[in-house]
Novice: 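Pasting in a structure now, in structure tokens, and then I'll have a few things to ask.
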Amino acid sequence: MKESEKARDNAQALNIRAAKAIVETVKSTLGPMGMDKMMVDGAGNVIVTNDGATILRELDVAHPGAKMMVEISKTQETLCYDGTTTTVVLAGQLLSNSEMLFEKGLHPNVICRGYHEASQMAIDYLLSDINMKKDNVLHEIAKTAITGKAVETSTDMVSTLCVDAVMAAGDIDKVRVISLHGGSIEESYLFKGVIVSKDFVLDYDLDEDTNALLLNTGLEEEKEKEHVKVQLDASSYSEFKQAGKEDLLSQAQHIVMKMNGKGIVFVRDGVHDHVCAYLRKNGVGVIRRTAPSTLNALSNALGISIAQTPEELDVPASINVSRQKHNDVYYLFISGDIESDQSTLILRGATQSTLDEMERGFDDALGVVSLVKDSHNVVSGGGSSFVAMAAYLRSHAATVGGRAQMAIEAFADALEIIPATIAENAGFDPLDTVLAIRHEIQNGNLHFGPNVNDGGVKDMQANGVLEPTELIKQAILSATEVTTSILRIDDIVSRRPVE
Ligand code: ADP
Ligand code: MG
């Protein structure tokens, strides 16, 4: 064997081994019966999760091959919110199958070409024949994403909440989620309005129905002035300070004038304590250091603009507000009297770790609902679409001819790892399950997947297990991409450290 070939074998073997080790850590979490992982860091902080992307993000990986796997799970999460474990497990199987092809003497380039060809054929078939256009399936989509995530007992209620939240906001980026420790998941609800996790600077006697103003600046002496080096004698210094104070006071007077009664002003930056005291004396409560995103949400919900300076303030909005204390933190629940799309999902859960896991489940579910909301493109879940694509590839591999054909067949075999793993994690035989799904496909039914409760197979579509077509497409693209990238690496060399 030539030196270069030895290096290649070595680099490939190491990368594949590292990547497969990553797959092993997440494989047992795939599907509704997947197990959870408990992750502990050096400081003893614990995360319990079933979410592939979270596990991989928290893993302390050093090997480049392993890092590439972690990367694709992030890509999948960014693009499709869900399907991260699926992507990684599929990539792992594509790598394993390529090892068999190496043994048969196929060059990595031939394998990569075959895999690319196969992924294109599979996706074309997915979009043309497996894809279904369906209305009114958002609940099922949300439910499929959330099954297996910390909310077992209330999947129906949780999926309804997710759908309502996305529909109310119109866009996933507008859905705000807040977790309030304590209570049970059933007490979660959608609040029409904005929640601000801040309290008044000074005790404030809050009325339930009051007014609000939004200010995109601060009300304190400007920091720069204190840092500028100017030579001032004592009297001009006190004049200088006095001018600053008067300026602040006149700004505060503007606020009082515009509020024209009692009300709350939300300020983006700091507010000097004296100013707060002055405002309170005049009936105005101050919330300072309000995050820009919160100000925007308030502006949306209340139908008023955010003023750049107190002089520019508009008329205040009338609001309804309640101040609540959860876990020693005060929250203001604020709603306006206009029709708005601003809503906040309030999650309740008994412990912080179940709440965190619930939040991850919600993220997935909100994401997949938003993917399907406009496109209506779905497929049956449980890995059924993967078996259908595999069957199609096997029957069409011969049209490609040459050695790449072997890679296409290997790709088809790898696709079936998804339903096989879902069945295996539920305690059933993976091979029997895949064979039974193949049998149904032979009879023209593309919707069968693993029955995770009783074993065997059942109609996923009839049982409402549906997922976005886009998610499957992206999982295949990402898995193929990472596999071929790893296969193309023929040597690992040390880089000169960055100076
Ligand atoms: P991922 O990180 O890839 O989303 P999950 O652990 O969330 O991994 O599992 C997703 C897989 O579980 C999908 O293939 C989905 O179709 C499948 N699935 C979800 N609910 C069911 C169910 N009730 N029966 C069978 N498969 C299911
Ligand atoms: Mg999922």
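First listed ligand is number 1; within each ligand, the first listed atom is number 1.
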Novice: Quick check on contacts: which atoms of ligand 1 are under 4.0 angstrom from a heavy atom of E467?
Specialist: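 Taking each heavy atom of E467 in turn, ligand 1 has 13 (C), 14 (O), 15 (C), 16 (O) under 4.0 Å.
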Novice: For ligand 1, which atoms have a heavy atom of G381 less than 4.0 angstrom away?
Specialist: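 Matching atoms, with element in brackets: 16 (O).
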Novice: When you look for heavy atoms under 4.0 Å from ligand 1, do you find them on the side chain of P450, its backbone, both, or neither?
Specialist: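 Within the 4.0 Å criterion, P450 contacts ligand 1 through backbone atoms alone.
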Novice: Assess, by modelled atom type and distance only, whether the side chains of K37 and N50 contain a donor and an acceptor separated by less than 3.5 Å.
Specialist: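 Not at all, the side chains of K37 and N50 share no donor-acceptor pair under 3.5 Å.
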Novice: Using 2.8 Å as the threshold, say whether any N, O or S atom from D82 sits that close to the Mg ion (ligand 2).
Specialist: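 Under 2.8 Å: D82 contacts the Mg ion (ligand 2) through an N, O or S atom.
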Novice: Only heavy atoms of I422, strictly under 4.0 Å: list the atoms of ligand 1 that pass.
Specialist: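 The list of qualifying atoms is 11 (C), 12 (O), 14 (O), 17 (C).
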Novice: Need the ligand 1 atom indices (1-based, order shown) with element for anything under 4.0 Å from a heavy-atom of L30.
Specialist: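 In order of number, 3 (O), 6 (O), 8 (O), 9 (O).
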Novice: G34: heavy atom below 4.0 Å from ligand 1, yes or no?
Specialist: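 The answer is no, since G34 has no heavy atom less than 4.0 Å from ligand 1.
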Novice: Can you find an N/O atom of V452 closer than 3.5 Å to an N/O atom of ligand 1?
Specialist: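 There is no such contact.
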Novice: Strictly by modelled atom types, are K134 and Q461 linked by a side-chain donor-acceptor pair under 3.5 Å?
Specialist: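 On atom types as modelled, these side chains qualify, holding a pair under 3.5 Å.
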Novice: Going by side-chain contact (heavy atoms from CB on, under 4.5 Å), M68 matches just one of I22, T483, V482. Which one?
Specialist: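 Exactly one option meets the side-chain contact (heavy atoms from CB on, under 4.5 Å) with M68, and it is V482.
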Novice: Tell me which protein heavy atom sits closest to atom 3 (O) of ligand 1, plus the residue, atom name and distance to 0.1 Å.
Specialist: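 That would be T86 OG1, 2.5 Å.
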Novice: Please could you name the atoms of ligand 1 that T29 approaches to less than 4.0 Å, counting only its heavy atoms?
Specialist: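 Answer, ordered by atom number: 6 (O).
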Novice: After noting the C-alpha distance and the side-chain angles of K143 and E140, does the key distance pass the salt bridge (charged side-chain N to carboxylate O under 4.0 Å, His left out) rule?
Specialist: CA-CA 5 Å; K143 213 168 144 180; E140 283 87 346; over 6 Å; no
Novice: Is N97 reaching over with its side chain to a backbone N or O of A410, donor-acceptor style, under 3.5 angstrom?
Specialist: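 Yes.
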Novice: Out of T144, N425, L90, whose heavy atom is nearest to atom 19 (C) of ligand 1?
Specialist: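 Answer by nearest heavy atom: T144.
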Novice: Give the residue, atom name and distance (to 0.1 Å) of the protein heavy atom nearest atom 2 (O) of ligand 1.
Specialist: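 Checking every protein heavy atom, the shortest distance to atom 2 (O) of ligand 1 gives T85 OG1, 2.7 Å.
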Novice: What protein heavy atom sits nearest atom 16 (O) of ligand 1, and how far off is it?
Specialist: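 Residue, atom and distance for the closest contact: G382 N, 2.6 Å.
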Novice: Are T469 and N131 linked by a side-chain donor-acceptor pair shorter than 3.5 Å?
Specialist: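 T469 vs N131: donor-acceptor pair found between side chains.
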Novice: Cationic tip of R323 within the cone over Y330's six-membered ring, i.e. under 6.0 Å and within 45° of the normal?
Specialist: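 R323 over Y330 ring: yes.
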Novice: Can a side-chain donor-acceptor contact be found between N327 and H181 if the only test is distance below 3.5 angstrom?
Specialist: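 Present: a donor and an acceptor within the cut-off.
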Novice: Indicate yes or no: does an N/O atom of G31 lie under 3.5 Å from an N/O atom of ligand 1?
Specialist: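 N/O-N/O distance below 3.5 Å exists for this pair.
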Novice: How close does the nearest protein non-hydrogen atom get to atom 7 (O) of ligand 1, and which residue and atom is it?
Specialist: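 Of every protein heavy atom, K149 NZ, 3.6 Å lies nearest to atom 7 (O) of ligand 1.
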Novice: Give the residue and atom name of whichever protein heavy atom lies nearest to atom 23 (N) of ligand 1, and the separation in Å to one decimal.
Specialist: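 I find the closest protein heavy atom is V465 CG2, 3.6 Å.
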Novice: Classify the ring geometry of Y392 against Y125: parallel below 30°, tilted from 30° to 60°, perpendicular beyond 60°.
Specialist: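 Y392 and Y125: parallel rings.
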Novice: What part of T84, side chain from CB on, backbone N/CA/C/O, both or neither, has a heavy atom under 4.0 Å from ligand 1?
Specialist: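 The answer is both.
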Novice: Hey, are T49 and E357 close enough side-chain-wise for a donor-acceptor pair under 3.5 Å?
Specialist: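 Their side chains do contain a donor-acceptor pair, which is all the 3.5 Å distance test asks for.
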Novice: Would you mind listing which atoms of ligand 1 come within a distance below 4.0 Å of any non-hydrogen atom of D82?
Specialist: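 Ligand 1 atoms under the 4.0 Å threshold to D82: 1 (P), 4 (O).
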Novice: Compute the minimum heavy-atom distance from P32 to ligand 1 and say whether it is under 4.0 Å.
Specialist: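 Contact check P32 vs ligand 1: positive.
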Novice: Quick one about Q474 and S478 (side-chain donor to acceptor, distance below 3.5 Å, no hydrogens or angles considered), yes or no?
Specialist: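 Yes - a donor-acceptor pair under 3.5 Å links their side chains.
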Novice: Regarding E440 and K458, does a basic nitrogen lie under 4.0 Å from an acidic carboxylate oxygen?
Specialist: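 K458 and E440: not salt-bridged.
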